[in-house]
Amino acid sequence: MDAYKLMKELRVNYEQEVFYLPKETGLVLIESSTRDESRISAKCRDVQVEDLWSLTSFFGYSTQTFVLAVNLLDRFLALMRIQPKHLSCVSLSCLHMAAKVTEEECDVTSSDELIRIGQARFTASDLCRMEKIVSEKLDFKSKPITALTFLQLYHQIALSHSMDRKETLSLEKLEAQLKACLCRISFSKAKPSVLALSLLRLQIIAVQSKDMLEIASHIQRHLKIADGELRLWSERVAQCLSDYASPECSKPNHRKLQWIVSRRTAQNLHASRSVPELPTIPEGGWGESESEDSCEDVMSSGEESLSSSLGSDAEGPYFPLHYRQQRDRGHLLA
């Protein structure tokens with residue numbers, strides 16, 4: 001695609017991105033919630049997104065699937081108030097919906113397999129029902145505009161103007177950095193176009209390309225992104241990636257997970273479990289009263305995230321510790 005068409009497509013996406021943003025008021029309420037409350041907290045959401053990253057890697061799904069799943073999850077959580085024990089059903093529903101849109105049909109894992117590997121405590125019919133609710137509430141009909149949309153366009157534009165830097169500006173590395181940022185709910189408040197441009201500029205500065213930095217500035221002027229807004233998010237992105245590279249930071253591996261399970265865990269995974277059906281799900285939003293939006297009975301039982309249930313006994317953890325601590329720093333920040 002030539003430069004003119006790329007810039008035209010960029011402008012169209014920029015004008016439409018506002019329709020796919022999570023409600024900021026809902027995000028603020030989530031950030032202000034504590035883990036002691038019967039609502040989703042920022043930490044609870046972030047852990048669930050890390051689980052989605054792990055599952056995305058395990059099933060071999062694309063970055064696009066992960067980013068779309070997170071977009072659907074954030075938009076739904078910012079719109080509807082749900083309890084932490086219901087979060088697993090919502091997040092896996094978003095992942096399954098995203099996979100069916102972005103992956104080849106033959107590569108989409110079944111509902112039963114997704115629930116089994118995710119160690120969730122609900123049925124395939126529950127998952128299907130939740131998908132319908134998410135789809136209806138978000139009016140999900142087409143792929144939303146996300147930070148990945150802009151990241152890919154920015155990368156194409158940069159390469160179309162500077163082919164000699166093709167090997168030094170890595171889209172794969174940019175996508176990995178984007179996934180790291182999406183594991184923090186604070187970045188859900190950033191405009192996708194600004195978040196993507198912040199990532200691009202940081203990598204351009206790292207490779208020390210004045211030509212590409214001028215291209216990034218041209219993109220900024222074309223979209224009329226304010227200097228202060230870009231500077232703010234660039235600083236936050238740089239801090240996030242710095243924290244993420246720290247050995248103290250526990251995070252999912254970008255590679256496919258190698259599953260090491262004990263005999264007891266293997267038996268639990270393959271055993272057929274009797275799970276009660278979900279009762280009718282109340283449809284309360286953030287703006288409604290506590291009595292109107294009570295979701296006490298949305299899920300049939302309490303949920304546990306993958307990150308909070310690492311293993312069944314000492315013979316072998318479900319998610320080995322060294323996989324959560326491992327990091328390909330060169331891939332993420334080099």
Look up atom [atom1] in [X] and atom [atom2] in [Y], then write down how far apart they are to the nearest 0.5 Å.
X	Y	atom1	atom2	value
K191	W233	NZ	CH2	11.5 Å
L68	Y20	CG	OH	11.0 Å
L223	S193	CG	OG	6.0 Å
R45	I185	CZ	CD1	5.0 Å
I204	L197	CD1	CG	8.0 Å
L79	L138	CG	CG	6.5 Å

Within 6.0 angstrom of [X] [atom1], more than 12 heavy atoms from elsewhere:
X	atom1	answer
K8	NZ	no
E24	CD	no
K189	NZ	yes
H218	NE2	no

Mind listing the closest non-hydrogen atom pair of [X] and [Y] along with its distance?
X	Y	answer
S111	A124	CB-CB, 4.0 Å
D2	K5	OD1-N, 2.8 Å
L182	V49	O-CG1, 3.6 Å
I40	P84	CD1-CA, 3.4 Å
R236	F187	O-CZ, 3.4 Å
P22	A78	CB-CB, 4.0 Å

Side chains of [X] and [Y] in contact at under 4.5 Å (non-hydrogen atoms):
X	Y	value
Q64	K143	yes
Y14	I145	no
I117	F59	yes
L73	C94	yes
F66	Y61	no
L230	R201	yes
E175	L171	yes
L159	M212	yes

Any luck finding a side-chain donor-acceptor pair between [X] and [Y] under 3.5 Å?
X	Y	result
T102	T65	yes
D126	T123	yes
S188	D74	yes

### Test log, rule side-chain contact (heavy atoms from CB on, under 4.5 Å), inputs E131 and V134
CA-CA 5 Å; E131 286 184 37; V134 174; 5.9 Å; no
### Task
Apply salt bridge (Lys or Arg N to Asp or Glu O under 4.0 Å) to K100 and E105, showing your working.
CA-CA 7 Å; K100 287 189 287 187; E105 185 176 355; over 6 Å; no
### Task
Decide yes or no on side-chain contact (heavy atoms from CB on, under 4.5 Å) for L92 and L55, but give the supporting numbers first.
CA-CA 9 Å; L92 289 187; L55 289 170; 3.5 Å; yes
### Query
Checking N13 side chain against T149 main chain: does a donor-acceptor pair fall under 3.5 Å?
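No, because the side chain of N13 does not come within donor-acceptor range (under 3.5 Å) of the backbone of T149.
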### Query
Would you find a donor on one side and an acceptor on the other, under 3.5 Å apart, between the side chain of Q83 and the backbone of R39?
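Flag not set: sc Q83 to bb R39 has no pair under 3.5 Å.
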### Query
Thinking salt bridges, do D243 and R184 make one under a 4.0 Å N-O criterion?
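Yes, charged N to carboxylate O under 4.0 Å.
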### Query
When you look at R11 and E15, which way does the salt bridge (Lys or Arg N to Asp or Glu O under 4.0 Å) test go after all the steps?
CA-CA 6 Å; R11 189 69 195 181; E15 293 172 353; 3.6 Å; yes
### K85/R121 under side-chain contact (heavy atoms from CB on, under 4.5 Å): CA gap, chis, key distance, verdict
CA-CA 10 Å; K85 64 181 180 180; R121 299 179 179 179; over 6 Å; no
### Task
List the steps and the verdict of side-chain contact (heavy atoms from CB on, under 4.5 Å) for C181 and L199.
CA-CA 10 Å; C181 290; L199 287 164; 4.3 Å; yes
### Query
Do you know which of Q48, H96, H86 makes side-chain hydrogen bond (donor to acceptor under 3.5 Å, both in side chains) with S91?
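For S91, the side-chain hydrogen bond (donor to acceptor under 3.5 Å, both in side chains) test succeeds with only one of Q48, H96, H86, which is Q48.
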### Test salt bridge (Lys or Arg N to Asp or Glu O under 4.0 Å) applied to E214 and R221, step by step
CA-CA 10 Å; E214 178 56 35; R221 291 191 296 270; 3.1 Å; yes
